[in-house]
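From a predicted model like this one, the values you see are computed outputs, not experimental measurements.
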Amino acid sequence: MPVAGSDSAVLHHVLAVSEDLYVGIFCDGPGIGAATASAPDRPFVPDPGFAVLAQEGWETRNGRTQGWTLECNGAQVITGETRETLDFWQGYDSYRAADFSGDLGWFSVHVDKMKRQVRAMERHPANPLAFRAPDRSCARCGGNLAADITVNGKRAFFYYTRPSMTQALLGLSLSTDPLFLEDAEHHIIGTTLGEETVMEKFQAVKQGEDLLLFHESRFADGSWHTGLRRYRVRAA
């Protein structure tokens with residue numbers, strides 16, 4: 001449930017840290033929070049010590065924070081784990097609804113398994129990811145890197161980018177770098193179809209020679225749906 005002062009609590013990423021500790025990274029409207037639960041179907045309790053809000057800089061296109069929010073996505077890269085702790089990079093993006101602006105980045109998360117605490121640490125110094133072309137308003141809402149989907153031997157990161165307020169393009173970045181900060185190549189592999197005006201929050205699943213891509217899909221009438229696209233991966 002939303003905490004006091006927030007109007008939403010939408011889980012975008014859940015990690016099974018141990019048999020009785022599940023960590024959820026969620027969006028609360030202005031920024032990003034974290035919560036813990038003892039099982040996937042038990043209540044997730046927000047951690048009061050965790051909060052990530054927009055900062056002036058690349059997250060706000062070097063302007064004021066007013067009108068900007070942050071959203072987490074399903075991208076994670078684990079950097080260390082012991083019996084007592086877990087550390088990982090969490091994917092997120094900035095967002096300004098007025099003009100659909102935004103970019104992708106990473107911040108680090110530290111989980112204390114014994115205390116059942118989750119803490120947001122530093123932003124990655126190399127933020128933002130260089131996914132957005134100069135003539136586009138955004139590159140955001142990446143998918144599930146934790147699934148380790150590969151295309152022609154490289155990691156795959158799905159995102160969307162906008163050449164205009166009325167069109168969204170489906171982007172695919174491929175890289176040997178888990179954080180996609182180096183050695184990244186970018187491709188446009190699709191666009192909104194039919195009544196779609198938005199496609200985001202991608203979940204990729206391999207099925208034989210095919211790659212299934214699930215996503216959220218908003219139609220022109222404002223309704224939300226689940227979209228599914230099928231791709232065939234060819235050898236380079």
Side-chain angles (χ1 to χ4, degrees), residues 3 6 9-18 21-37 44-62 65 68-95 102-132 138-149 154-159 173 175-184 201-203:
V3 299
S6 297
V10 183
L11 280 170
H12 283 184
H13 188 197
V14 178
L15 298 86
V17 177
S18 64
L21 177 59
Y22 290 77
V23 171
I25 311 296
F26 67 91
C27 301
D28 62 9
I32 302 169
T36 57
F44 279 79
V45 179
D47 189 318
F50 187 108
V52 181
L53 300 172
Q55 297 179 349
E56 290 187 5
W58 72 265
E59 293 175 354
T60 63
R61 300 281 168 87
N62 297 315
T65 58
W68 288 90
T69 185
L70 300 180
E71 292 189 359
C72 51
N73 55 49
Q76 72 174 43
V77 177
I78 293 175
T79 57
E81 183 171 17
T82 68
R83 187 180 66 86
E84 299 179 343
T85 64
L86 172 68
D87 293 277
F88 61 94
W89 289 109
Q90 169 67 50
Y92 76 110
D93 51 65
S94 59
Y95 181 52
D103 286 287
L104 290 154
W106 301 98
F107 68 87
S108 62
V109 177
H110 177 77
V111 181
D112 187 318
K113 300 177 184 179
M114 303 297 105
K115 296 181 180 179
R116 303 179 72 85
Q117 291 180 343
V118 189
R119 293 294 180 265
M121 311 302 281
E122 76 275 12
R123 267 85 157 166
H124 198 289
N127 285 344
L129 297 177
F131 285 13
R132 179 175 58 86
C138 67
R140 56 186 309 270
C141 288
N144 61 324
L145 293 186
D148 199 25
I149 295 294
K154 293 188 175 183
R155 293 174 172 85
F157 195 127
F158 294 90
Y159 63 98
S173 180
S175 179
T176 57
D177 175 13
L179 294 176
F180 287 77
L181 294 167
E182 300 177 356
D183 184 37
K201 300 177 179 65
F202 307 103
Q203 175 85 11

Leu179/Trp89 under side chain to side chain contact (heavy atoms under 4.5 Å, CB included): CA gap, chis, key distance, verdict: CA-CA 8 Å; Leu179 294 176; Trp89 289 109; 3.8 Å; yes

Full working for side chain to side chain contact (heavy atoms under 4.5 Å, CB included) between Glu71 and Lys201: CA-CA 11 Å; Glu71 292 189 359; Lys201 300 177 179 65; 3.9 Å; yes

Test log, rule side chain to side chain contact (heavy atoms under 4.5 Å, CB included), inputs Ile25 and Leu11: CA-CA 6 Å; Ile25 311 296; Leu11 280 170; over 6 Å; no

Working for side chain to side chain contact (heavy atoms under 4.5 Å, CB included), residues Lys154 and Ser175: CA-CA 5 Å; Lys154 293 188 175 183; Ser175 179; 5.8 Å; no

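Residues His13 and Gln76 bring a donor and an acceptor atom of their side chains to less than 3.5 Å of each other. Side-chain contact check for Thr79 and Asp87: no donor-acceptor pair (N or O, by modelled atom type) lies under 3.5 Å. Under the 3.5 Å distance criterion, with hydrogens and angles disregarded, a donor-acceptor pair is assigned to the side chains of Glu122 and Ser108.
Between Thr176 atom OG1 and Arg155 atom CZ the span is 7.5 Å, to the nearest 0.5 Å. Annotation: the span from Arg140 atom CZ to Asn73 atom CG amounts to 9.5 Å, rounded to 0.5 Å. Interatomic distance, Tyr95 OH to Cys27 SG, rounded to the nearest 0.5 Å: 12.0 Å. Summarising the geometry, atom NE2 belonging to His110 is positioned 12.5 Å from atom CZ belonging to Phe50; distances are rounded to the nearest 0.5 Å. Atoms SG and OH, from Cys141 and Tyr159 in turn, are 13.0 Å apart once rounded to the nearest 0.5 Å. The distance from atom CG of Leu104 to atom CG of Asp93, rounded to the nearest 0.5 Å, is 5.0 Å.
Residues meeting the salt bridge (charged side-chain N to carboxylate O under 4.0 Å, His left out) test with Asp47, sequence neighbours left out: Arg119. Here Glu59 pairs with Tyr92, Arg123 under the side chain to side chain donor-acceptor pair (under 3.5 Å) rule; sequence neighbours left out.
Residues Phe26 and Ile32 form no side-chain contact, since every pair of their non-hydrogen atoms from C-beta on lies 4.5 Å or further apart. Taking the side chain as every heavy atom from C-beta outward, Arg116 and Leu21 approach each other to under 4.5 Å. Between Leu15 and Phe88, the closest side-chain pair of non-hydrogen atoms falls below 4.5 Å. Between Ser94 and Thr60, the closest side-chain pair of non-hydrogen atoms is not below 4.5 Å.
Considering every non-hydrogen atom in both Ala120 and Val52, the closest pair reads CB-CG2, 3.5 Å.
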Would you list the atom pairs, donor with acceptor, under 3.5 Å between side chains in residues 125-132 and any protein atom, with sequence neighbours excluded?
residue: Asn127; atom: OD1; partner: Trp106; partner atom: N; Å: 2.9
residue: Asn127; atom: ND2; partner: Trp106; partner atom: O; Å: 2.8
residue: Asn127; atom: ND2; partner: His124; partner atom: O; Å: 3.4
residue: Arg132; atom: NE; partner: Asp103; partner atom: OD1; Å: 2.8
residue: Arg132; atom: NE; partner: Asp103; partner atom: OD2; Å: 3.3
residue: Arg132; atom: NH1; partner: Arg136; partner atom: O; Å: 3.2

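We find that Lys113 and Glu81 are joined by a salt bridge, their nearest charged nitrogen and carboxylate oxygen being less than 4.0 Å apart.
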